[in-house]
2 protein chains.
Amino acid sequence: MHDYSVVIVDDHLLFAQALENLVNTFDNFKVLYQVNNGRELLTHLEKDEIAPDIALMDINMPVLNGIETMHMLNKDHPDIKVLALSMDDDEGTIIKMLRAGAKGYLLKDIHPQTFHGALNDVIHKGFYYSEKITSTVLSSLHKAEAPEVILKDREIEFLKLACTEKTYKEIAGDMFLSPKTIDGYRESLFEKLQVKSRVGLVLYAIKHDLYKI
Amino acid sequence: MHDYSVVIVDDHLLFAQALENLVNTFDNFKVLYQVNNGRELLTHLEKDEIAPDIALMDINMPVLNGIETMHMLNKDHPDIKVLALSMDDDEGTIIKMLRAGAKGYLLKDIHPQTFHGALNDVIHKGFYYSEKITSTVLSSLHKAEAPEVILKDREIEFLKLACTEKTYKEIAGDMFLSPKTIDGYRESLFEKLQVKSRVGLVLYAIKHDLYKI
DNA sequence: TTCAAAAAGGGGGATTTTCCCCACTTTACC
DNA sequence: GGTAAAGTGGGGAAAATCCCCCTTTTTGAA
């Protein structure tokens, strides 16, 4: 029985180093090296003959993030099993990462014992899905594939202004429209975005990054 | 020369375990135990005779967070040197934590070598401030001391509900208050937070992490 | 201990904003 | 040339905002 090789892709140096120590205490795994982001990983893989068995990869990284990196790996190194590792339990992120081909998704608050189990699973079964991730994925299947909301430019403009303390009357002024027209935008957005009030608009805009706080 | 004792207070089990391994590789430090949040730490300290030299403490924790925990430690265990450890480089958080008595503030992307240095500094010099933290603190001195907004529990409760699509009438129901009382909260918050509308409340709450999207 | 101030809960009522339904024009496009 | 949108608005109801008022409880300092 030989050791399986692991690389760590994470910009949190302290965490990465600590994680390396932890992985090295597992008797059948060995960390080859750490890199700080996806770009560095790809560079490494180009130069090295030996590819790792497993990549432990953070999702939020500078330069080249987890999801982008996954897509690159699929092309050039499909044999590397990627385990995503993140603070982020956002459903969308999880789904994207798994769809991109990650063999599992670990939240950083996972128990070390479970973590070892996850590594073993990925090697022997090819994947590891925690209970939480499984239920997230399953529940996402039930939701009718949200018909993608397409917003017109003018609607987006209005939506952004709705995220300020301006009154609709002022917004109308800013957009050179009658308050009643603005009222029309408001209403059609309520329908499109499935919200019931201006607060709903604000929350939607922030959640979808249309408005930065 | 004896080993200095360290406890780790972090709800990210994987990180905590990994960190423990890392600290144990430093020849003059030894991890006593880990706990998941401030409450557990306090419980531990009550029962144990031996107090640790250093507490490595995350800030965002469930149950009892870093800042609250600091305040408790000041009362009962002023000798424990606390090193805050966080992803969060938000200026307000840093200042609050240092003002609460933390001996240093580390971002989780710190280099392991530097980390060892920080531990040593805290033991021998009594504090460790990274360059980034120093400059943050210094630059904050220039800003006119924003008179700190103190929100009462009930106000915070209302503020969170104001970030939903509920009407004030519904919020009143949820809080078992008359709509008129809710109106009072709204008005006093407008004044306190210097906003002019419910949108302003929502933006304030989100910006100050009182409401998570 | 006492007295005043602040906090917490609530009210009346006027004004504005927001919300919902409906209707009219103008493009745009098949 | 018809039809479907986008763009524009009106009327009226409901909600939110605002300003003034009140009582009871808690707190803080003299």
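We name chains A, B, ... by the order of the sequence lines, and we start the count at 1 in each one. Because the structure is predicted, anything quoted here is derived from the model rather than measured.
For the OP1/OP2 pair of D/dT17 and a distance below 4.0 Å, the side-chain nitrogens and oxygens of B/Tyr168 include at least one atom meeting the criterion.
Within residues 172-187 of chain A, the residues having any heavy atom under 4.0 Å from DNA chain C are, by residue number, A/Lys180, A/Asp183, A/Arg186, A/Glu187.
Between the NZ atom of B/Lys196 and the C1' atom of D/dA16 there is a distance of 15 Å, rounded to whole Å. The interatomic distance linking B/Leu201 (CG) with D/dT17 (C1') rounds to 12 Å, in whole Å. In this structure, B/Arg198 places its CZ atom 7 Å from P of D/dT17, rounding to the nearest Å. Here C/dC22 presents its P atom at 14 Å from CD of A/Glu191, a figure rounded to the nearest Å. Look at CG on A/Leu193: it is 13 Å from P on C/dC19, rounded to the nearest Å.
When each of A/Lys169 and A/Phe190 is assigned the nucleotide of DNA chain C with its nearest heavy atom, A/Lys169 is the one assigned upstream, toward the 5' end.
Remark: B/Glu170 engages no residue in a side-chain hydrogen bond (donor to acceptor under 3.5 Å, both in side chains) (not counting sequence neighbours). Among residues two or more places apart in sequence or in another chain, the ring-ring contact (aromatic ring centres under 6.0 Å, His included) test is passed with B/Phe15 by A/Phe15. Residues forming a ring-ring contact (aromatic ring centres under 6.0 Å, His included) with A/Phe190 (at least two apart in sequence, or on another chain): none. Evaluation of the side-chain hydrogen bond (donor to acceptor under 3.5 Å, both in side chains) rule for A/Glu187 yields no partner, not counting sequence neighbours. Scored by the side-chain hydrogen bond (donor to acceptor under 3.5 Å, both in side chains) test, B/Arg186 finds B/Asp183 as partners (sequence neighbours excluded). Taking the ring-ring contact (aromatic ring centres under 6.0 Å, His included) definition, one finds that B/His44 meets it with B/Tyr33, sequence neighbours left out.
Taking the centre and axis of the six-membered ring of B/Tyr204, the NZ or CZ atom of B/Lys207 falls outside the cone set by 45° and 6.0 Å.
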Once base and sugar-phosphate atoms are separated, protein heavy atoms under 4.0 Å mark nucleotides 21-27 of chain D, 5' to 3', with B, S and - as -------

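Sequence neighbours left out, not one pair with a member in residues 70-113 of chain A passes ring pair (Phe, Tyr, Trp, His ring centres under 6.0 Å).
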